[in-house]
2 protein chains.
Amino acid sequence: MAEELEHALQQVKAAGYKMTPQRKLILDYLINHETHPTAEMIYQDLQQQDEQISLATVYNTLEMLLGTQLVLAIDSDQDGKRHYDYFGHPHYHAICTNCGRIVDGENFDFSQLPNTAANETGYLITGYEATVKGLCPECQRKLENQK
Amino acid sequence: MAEELEHALQQVKAAGYKMTPQRKLILDYLINHETHPTAEMIYQDLQQQDEQISLATVYNTLEMLLGTQLVLAIDSDQDGKRHYDYFGHPHYHAICTNCGRIVDGENFDFSQLPNTAANETGYLITGYEATVKGLCPECQRKLENQK
DNA sequence: TTGCTTGCAAAAGGTTTGCATTAAG
DNA sequence: CTTAATGCAAACCTTTTGCAAGCAA
């Protein structure tokens, strides 16, 4: 089994959750897809792989994974859906305001944000999320050609 | 009229939108409330001020304001609602994972994030948003006392 | 065994939409 | 005048919930 999945399963158990086939499937799916899928996408894809699973379980599991901080949610203004992302290493997201495409970026240092926020707001910080909005390269071309 | 509102109205007109009494009300409300209200809250408050306005118009106007980048949306995982925030100066948000309270923070420098993201992703960046999650001071006390 | 988890379907509820009316430019 | 904006209500659709049956530990 992949190392990352192994690590993630460990975390889930450590948090006191039972390990079920469905939870493994979803975790494995998230780790191996950089598409920032919605609950529906995960559900559809797993079904096509002849995997037995319900949409409610997908939602339940994602909610649980958000609690462990292993997974992060991105609410897209573009399609109105919640997208999920395995948060294996620190990164921010870029969302296209035209097509909704979400990509990762990692060349920005957020390491001091939690400390700064803790000092400034008094909050006990447990996580963070950063997103930039703009036109993806492909949509820039498309819109340019429409002129 | 307040300077900030004056400035905002200017921006809206410059973007080619008509100025209506409802739009002024909502913009004024957002500028003068640091509560990060939902559409429903804005609607309720304006109604109590004997102001004639519909919920649909609140949503329409907020959508328009998001487009002008004058206002920013924060999707809260805590209450499942979208909160709005007049974005007069750069700042991030801290959301309490227990009570959902949202506060602003400004002691972190995001000024290079747009450039970095543009170089790294190729996106034409038009805005950004950063959020930290954790327990607010009040909820830290409450939970501590429950022990 | 024990009670957390699953799965199905129904319900919820924030947000969007259609359309006739109104008013900004 | 012309066209965009408003307001009302109905529709939408993602997400949540209730509960019986199933399965980790």
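The basis for the numbers below is simple: all heavy atoms, side chains too, and nothing from hydrogens, waters or symmetry mates. A quick note: this is a predicted structure, and the numbers were derived from the prediction, not measured. Chain letters run A, B, ... following the sequence lines, proteins first and then strands; every chain starts at 1.
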Check this one for me: any side-chain N or O of [X] less than 4.0 Å away from OP1 or OP2 of [N]?
X       : N      : result
B:Thr20 : D:dA4  : no
A:Arg23 : C:dT5  : yes
A:Tyr59 : D:dT16 : no
A:Gln22 : D:dC23 : no
B:Ser54 : D:dC8  : no

With nearest nucleotide decided by heavy atoms, which residue, B:Thr38 or A:Gly16, maps closer to the 5′ end of DNA chain C?
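The residue whose closest nucleotide sits nearer the 5' end is A:Gly16.
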Mapping A:Val58 and B:Tyr84 onto DNA chain C by nearest heavy atom, which one lands closer to the 5' end?
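Per heavy-atom nearest nucleotide, the more 5' residue is A:Val58.
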From [atom1] of [X] over to [atom2] of [N], roughly how many Å is that when rounded to an integer?
X       : N      : atom1 : atom2 : result
A:Leu25 : D:dA24 : CG    : P     : 12 Å
A:Lys13 : C:dC4  : NZ    : P     : 19 Å
A:Leu46 : C:dG7  : CG    : C1'   : 15 Å
A:Ile26 : C:dT5  : CD1   : P     : 13 Å
A:Ile74 : D:dT15 : CD1   : P     : 13 Å
B:Leu55 : D:dA10 : CG    : P     : 15 Å
B:Arg82 : C:dG13 : CZ    : C1'   : 15 Å
A:Asp77 : D:dT14 : CG    : C1'   : 15 Å

Do the ring centers of B:His83 and B:His93 come within less than 6.0 Å of each other?
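Between B:His93 and B:His83, which both carry aromatic rings, the centre distance is not below 6.0 Å.
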From C:dG25, D:dT6, D:dT17, nucleotide with atom closest to B:Asn60 side chain:
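Closest of the options to the side chain of B:Asn60: D:dT6.
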Check every atom of C:dT17, C:dC8, D:dA25 against the side chain of A:Gln52 and return the nucleotide holding the closest atom.
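Selected nucleotide: C:dC8.
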Is it true that atom CD of B:Gln11 has more than 12 heavy atoms of other residues, nucleotides or ligands lying nearer than 6.0 Å?
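Atom CD in B:Gln11 is crowded, with more than 12 foreign heavy atoms closer than 6.0 Å.
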So with a 6.0 Å cut-off around CD of A:Gln44, is the heavy-atom count from everything else above 12?
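Yes, CD of A:Gln44 has more than 12 neighbouring heavy atoms, counting only those of other groups under 6.0 Å.
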Is a donor from one side chain sitting under 3.5 angstrom from an acceptor on the other, for A:Gln47 and A:Tyr43?
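Yes, side-chain donor-acceptor contact under 3.5 Å.
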Remember a base hit wins even if backbone is also touched, and classify B:Lys18 as base, sugar-phosphate or nothing at under 4.0 Å, heavy atoms.
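It contacts base atoms.
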Which part of the nucleic acid, if any, lies within contact of B:Glu40, taking any heavy atom under 4.0 Å across all strands shown: a base, the sugar-phosphate backbone alone, or nothing?
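The answer is nothing, as B:Glu40 stays clear of every strand by at least 4.0 Å.
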Return the 5'-most residue of the pair A:Tyr17, A:Ala56 with respect to DNA chain D, ranking by each residue's nearest nucleotide.
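Closest to the 5' end, via its nearest nucleotide, is A:Ala56.
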Once you measure the plane-to-plane angle for A:His89 and A:His91, does it fall in the parallel (<30°), tilted (30-60°) or perpendicular (>60°) bin?
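Correct class here is tilted.
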